[in-house]
Amino acid sequence: MADDVRTPRVLDVLSAAEPWEVPSAWTERVRAQLKLWADDPEALRPLRPEAFPDFVKGTPAAVWFTHQVAPLLSGWIPVLHGEYADLSTELTHDFYRPSSRLGGNGHVIYAAPTDWHLQAIAGARGFRELGRKHALLVSRDVVRLFVDAPPLAARAEALAAAFERVVKDRDAFHLHITGEYDEIAKYWRTDALKPDERARLPELAGPTAALKYSLNAIRDTHARMLMAIPDEYAGDFAQVLSELILAAGLRGVPQPVANILGDAAVDVHHALEDLRPRFNLQTWHGHVNQWMSRAIRNGQSPLARSWGAAAARVGVHLSGVLTKQPWPEPEIPDLTTLFRMLDRERWSALETAAAAQQDDSLAAAWSSVKESENEQKTTGSSLDDEPLPPKPVDLSDNPLAELDSLIGLESVKDAVRRMVAEVKTNLRRTELGLPSHERARHMVFVGKPGTAKTTIARLLSRIYHQLGVLEKGHVVEVDRSDLVGAGLGSTAPMTAAKFREALGGVLFIDEAYSLTPENTPGDYGLEAVATILKMMEDHRNDCIVIVAGYHREMQRFMESNTGLQSRFPKLLSFSEYDTDQLVQIFELQARQKGMIYGEEVLDKVRTVIPPAPRGHSFGNGRFIRNVLEEAVSNQATRLSASDPDKLTERDLRELIPSDVRPPTSMRAEDYLLQKPGT
């Protein structure tokens, strides 16, 4: 994004219509109130301090209860994303000391018992009446903290009103002070809430009511999505529920679901019978992602959010989280991709606002980057009897989608998006007869081998071609041997010829620092640099030059000629991949080759990746490519002992752990040329 665009800290509740930019004043007020409670133990003293693991000694019950209920006030089984996704820790960090916490741009799904609002009261069951009264007041006062937080306000208001009635009603108050907990829970399920409050807090009526609410939500939201964004793959309610059931790993309609559906369960049963033989989770994720993408691009983001939240809620029910079964794996639906689409829409809005601030005469700086309709999850497929995963999606016509599909490289991706924003804004300025704020597009790429520098150069060339900046959009990759001649007078013609070959595209100079070797005065490489600089001036709008290499060596190269730094205004730094990212690259490349694998294979890949810190010449993505090619070769050796006529497609596509070994060979180009890129 543009340098002057402030990235807001947001709480993005999937079921909400839009993310909430959390005001610092609000968080400061909540934290200040928690501090007041901590400093006034007589008013709201701790209830069972030993029951609060990860909290500092003396933490009052009000702080603990705030931590427990804050995210659940945003919805029943809420999905939270953004900088405040870990809302509980953000608000209680003065008291909460977890061994680990949520970070990055991920999301989290919260699921709790349907009596989550009574946790403080449940914890005070063994206390005298005064302690139980404190627990009731704690519950009311903590919920009041959130009545002015938009994504939490409706549920917080309803719950606070119900607690207030309990405090003021003599019989209800007496029940909470002296009654058995089961009686209190029954009261909340049947009598505590008014009809409009129950509509906002459906799970408080119990597990059956919560499941019914979730099923009704996916039915209604699915129907609205179909009306707004017709889709050939998205069938009726029976089909989508069947897909959610199969995605959760179930083979039939669970009995609690059937009881709620009644006669409609027959339709779901028939849909299941029809879908089961051909259902593939990865394919289904792809269809859903395409549908959500079209909805977002067509201004239906709130509807896409509602559908995703409803489907995730039903997925959690079906996967048995509420009955202490294992967490659903993989997530249903593909929430990572959905949030990526929604984030891109938000970033686009920020860019548009920033451009409008810079020049009021522009109605909008640029439109949202188009989301690929073929985004796929990057998790591996299971190796049971389900159909084989489909072949990889072809993104050759959508370089921005291909950019997003790359593993890691977040700072590089953000820089590319900013470049696209600059180009689109300047194109619009030109259309309106305004002066263009054009900068030279030549770039410096710094990073170790195998960190996707060449890949990004190729994508940039295609992106600029689609924007109309480059006539051809091709890439000419060169190194010293392509530019520097062996004798006097041969270097300039060689360099000029390669530059002319790159006109209309990108000239990518790998290991550019080799053109200016240290302690070698009169080296012909200096002539190549001078020729390049002159031709960059003569053809300033016809070619983009990218120089690449290691950080330290490229710094020396840029200092070798006073004209270099002014002509290369952009620098992109390519970080090394961590182990998790290298494993993801293995998965991506394996799928591109049509291979299938299980978690045991990925565990084996981890063992052959050298531990950090890795050597200066470690190949990163290139190393992983060699690991995969070695595994495919080992698979071929293993299969050669079998009767070829009996080998199935699965046999030919499946890798097993014993196929994965440290690479004993590498490509000649990797060894001789040390080309970067994956």
Side-chain angles (χ1 to χ4, degrees), residues 100 103-107 247-249 280-286 319 326-337 340 375-393 404-410 450-452 455 575-612 614 618-639 649-666 678:
S100 62
N105 293 319
H107 60 270
N280 178 271
L281 181 60
Q282 187 178 16
T283 302
W284 180 69
H285 274 315
S319 299
W327 185 258
E329 182 63 40
E331 286 178 353
I332 308 164
D334 180 1
L335 297 173
T336 299
T337 298
R340 189 185 303 133
E375 286 195 80
Q376 298 286 327
K377 267 189 81 69
T378 56
T379 55
S381 299
S382 60
L383 298 180
D384 51 23
D385 294 331
E386 293 183 1
L388 294 176
K391 296 297 189 292
V393 175
D404 287 336
S405 73
L406 296 178
I407 305 302
L409 304 174
E410 295 308 321
T451 49
T455 299
S575 302
E576 281 193 278
Y577 295 109
D578 60 30
T579 299
D580 289 339
Q581 290 172 329
L582 290 171
V583 173
Q584 292 177 45
I585 291 172
F586 178 92
E587 293 187 77
L588 179 62
Q589 294 183 352
R591 285 197 304 277
Q592 289 172 342
K593 286 181 174 291
M595 309 304 289
I596 56 178
Y597 47 84
E599 287 297 326
E600 300 83 358
V601 168
L602 302 182
D603 292 339
K604 186 66 175 296
V605 171
R606 290 179 181 276
T607 67
V608 304
I609 297 174
R614 304 181 178 98
F618 176 68
N620 285 280
R622 186 176 63 245
F623 172 85
I624 288 297
R625 183 181 67 193
N626 291 327
V627 170
L628 176 59
E629 292 184 350
E630 186 84 7
V632 173
S633 176
N634 294 334
Q635 182 221 38
T637 302
R638 171 171 56 83
L639 295 179
E649 181 183 351
R650 179 172 292 277
D651 293 331
L652 296 171
R653 294 178 61 183
E654 182 178 351
L655 295 174
I656 63 175
S658 61
D659 295 330
V660 180
R661 305 170 200 167
T664 58
S665 62
M666 64 190 303
T678 57

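Please read all numbers here as calculations on a predicted model, not as lab measurements.
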**OP:** Could you walk me through whether Phe586 and Leu655 pass side chain to side chain contact (heavy atoms under 4.5 Å, CB included), step by step?
**Re:** CA-CA 12 Å; Phe586 178 92; Leu655 295 174; 4.2 Å; yes
[Y] and [X], any side-chain heavy atoms less than 4.5 Å apart:
X	Y	result
Ile609	Val627	no
Val608	Arg661	no
Ile656	Arg638	yes
Glu599	Leu602	yes

Atom pair [atom1] ([X]) and [atom2] ([Y]), whose distance is rounded to the nearest 0.5 Å:
X	Y	atom1	atom2	value
Glu649	Ile596	CD	CD1	8.0 Å
Ile624	Leu588	CD1	CG	11.5 Å
Leu652	Arg650	CG	CZ	11.5 Å
Tyr597	Asp603	OH	CG	12.5 Å
Ser658	Lys604	OG	NZ	6.5 Å

Original post:
Asp580: what forms a salt bridge (charged side-chain N to carboxylate O under 4.0 Å, His left out) with it, not counting sequence neighbours?
Top reply: Arg606
Original post:
Between Glu629 and Asn626, is there a donor-acceptor pair closer than 3.5 Å when you use the side chain of the first and the backbone of the second?
Top reply: no
Original post:
Would you say Asn634's side chain and Asp659's backbone share a donor-acceptor pair under 3.5 angstrom?
Top reply: yes
How close do [X] and [Y] get, heavy atom to heavy atom, and via which atoms?
X	Y	result
Gln635	Asp651	NE2-O, 3.3 Å
Pro333	His285	C-CE1, 3.6 Å
Ala590	Leu628	N-CD2, 3.6 Å
Pro657	Val601	N-CG2, 3.7 Å

